[in-house]
Each structure stands twice: as C-alpha cells, then as structure tokens.
Amino acid sequence: MRDFLSDQQSIIDDTFERTVKIVVGQRAKSGKALTLDNGPTAYPTILLSYRGEPSDSLVLAHEFGHALQIRASRGKFVPPIIREVCAFLGEGALLCHTLQRNAAEYTHFAQVWREHNYKYFGTQRDRLQA
C-alpha cells in the first residue's frame with residue numbers, strides 16, 4: 001500500500017502498526033476474515049484464519065484495505081460499495097508489489113485472485129445485481 005499510495009505513507013504505517021491482527025482457528029477449508037470498526041478514535045481489529053496459502057495474503061491485503069479505509073474516514077459513513085473498492089485496492093496493491101518483486105509468486109497470486117473474483121463476479125453476480 002505504501003508504494004501504491006505513496007502520499008499516504010504515514011496513515012498506512014500508523015494503521016498497519018496499530019491495527020490488531022488476530023489469527024483465529026478455521027472450521028472449514030475456506031479462509032474467513034473480517035475487519036471490525038472499533039470507532040473513530042480506535043484502531044480496527046482484523047480477524048482472519050491463516051493457513052500459509054497465497055489466498056491468505058490476498059485476504060489480509062483485502063482486510064487491511066478495509067482497516068485503512070476505516071482510519072482514513074475518521075468515523076464518517078462510507079457506502080458499502082466504496083468500502084469494498086478500498087478493500088480491492090488493497091489486493092491490487094499486493095499484486096502490483098508482487099509483480100515487481102517476484103514474478104513467479106505473482107503468477108500464483110494472480111491465479112488465486114482471478115478465482116476469488118470469479119466467485120464475486122461470476123457465481124454471486126446475480127446477488128450483487130439484485
């Protein structure tokens with residue numbers, strides 16, 4: 001995110017350092033995660049399952065995008081679609097960073113990212129449209 005939004009490095013660093021990240025046990029094969037908004041004067045909490053797979057890094061980047069949006073909005077209402085755009089921006093930043101640093105890892109991340117997007121824009125497309 002620091003490379004992607006270089007003018008915002010201080011809020012990115014502050015949010016990364018002070019956001020609590022909690023790894024929770026998983027009950028099923030799919031990883032679950034969420035970011036809790038603890039109010040405008042507190043830092044968010046990220047809860048996620050972590051199995052050491054590429055999808056976990058993408059999930060963490062997605063949730064960090066939410067955490068950063070929460071801090072940047074300072075308690076003001078942000079429509080859900082904009083919240084998700086911020087989270088997908090986190091994923092995009094990870095993909096850009098990986099492409100520049102490790103092409104082999106990028107290929108794997110990009111494939112996982114496309115599979116996740118198919119879930120949101122393929123199988124859940126009708127639900128989103130509704």
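The first residue of the sequence shown is numbered 1, and numbering continues consecutively from there.
Under a cut-off of 6.0 angstrom, the local environment of CZ in R74 is sparse, with at most 12 non-hydrogen atoms contributed by other residues, nucleotides or ligands. Atom CZ of F88 is surrounded by more than 12 heavy atoms from other residues, nucleotides or ligands within 6.0 Å. Taking a 6.0 Å sphere around CD1 of I81, one finds it holds 12 or fewer heavy atoms contributed by other residues, nucleotides or ligands.
The closest side-chain heavy-atom distance from T45 to T19 is not below 4.5 Å. Using a 4.5 Å heavy-atom threshold, the side chains of R71 and R18 count as separate. You'll find the side chain of L5 reaches within 4.5 Å of the side chain of L89, heavy atoms only.
Considering all non-hydrogen atoms of both residues, P40 and G75 come closest at CB-CA, 3.7 Å. Listed here is the closest heavy atom pair of S73 and I70: OG-O, 3.0 Å. The minimum heavy-atom distance linking L58 with F109 is given by the pair CD1-O, 3.7 Å.
For the atom pair OH of Y106 and SG of C96, the computed distance is 7.5 Å after rounding to the nearest 0.5 Å. Note: M1 CE to H97 NE2 = 13.0 Å, rounded to the nearest 0.5 Å. Distance CZ/F64 to SG/C86: 12.0 Å, rounded to 0.5 Å. Summarising the geometry, atom CG belonging to D13 is positioned 10.5 Å from atom CD1 belonging to I11; distances are rounded to the nearest 0.5 Å. Annotation: the span from S55 atom OG to Q111 atom CD amounts to 11.5 Å, rounded to 0.5 Å. To the nearest 0.5 Å, the span separating NE2 on H62 from CG on L34 amounts to 10.5 Å.
Between the side chain of D56 and the backbone N or O of G52 there is at least one donor-acceptor pair closer than 3.5 Å. Under the 3.5 Å distance criterion, the side-chain polar atoms of S6 are left unmatched by any main-chain donor or acceptor of R2. At least one donor-acceptor pair closer than 3.5 Å links the side chain of S49 to the backbone N or O of K32. One N or O on the side chain of N38 and one on the backbone of Y43 form a donor-acceptor pair closer than 3.5 Å.
Counting only N and O atoms by type, the side chains of E63 and T35 include a donor and acceptor under 3.5 Å apart. Between the side chains of R83 and Q69, not a single donor N or O lies within less than 3.5 Å of an accepting N or O.
A continuous path of hydrophobic side-chain contacts links V23 to I46 [ILVMFWY only; heavy atoms under 4.5 Å]. Linking Ile, Leu, Val, Met, Phe, Trp and Tyr whenever their side-chain heavy atoms come within less than 4.5 Å leaves L68 and V78 in two separate clusters. Both L94 and W113 are assigned to one and the same hydrophobic cluster, defined by single-linkage of ILVMFWY side chains at heavy-atom distances under 4.5 Å.
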side-chain contact (heavy atoms from CB on, under 4.5 Å) evaluation trace for L95 with Q100: CA-CA 9 Å; L95 288 167; Q100 295 171 2; over 6 Å; no
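Geometrically, K21 engages F16 in a cation-pi contact defined by less than 6.0 Å to the ring centre and at most 45° from the axis.
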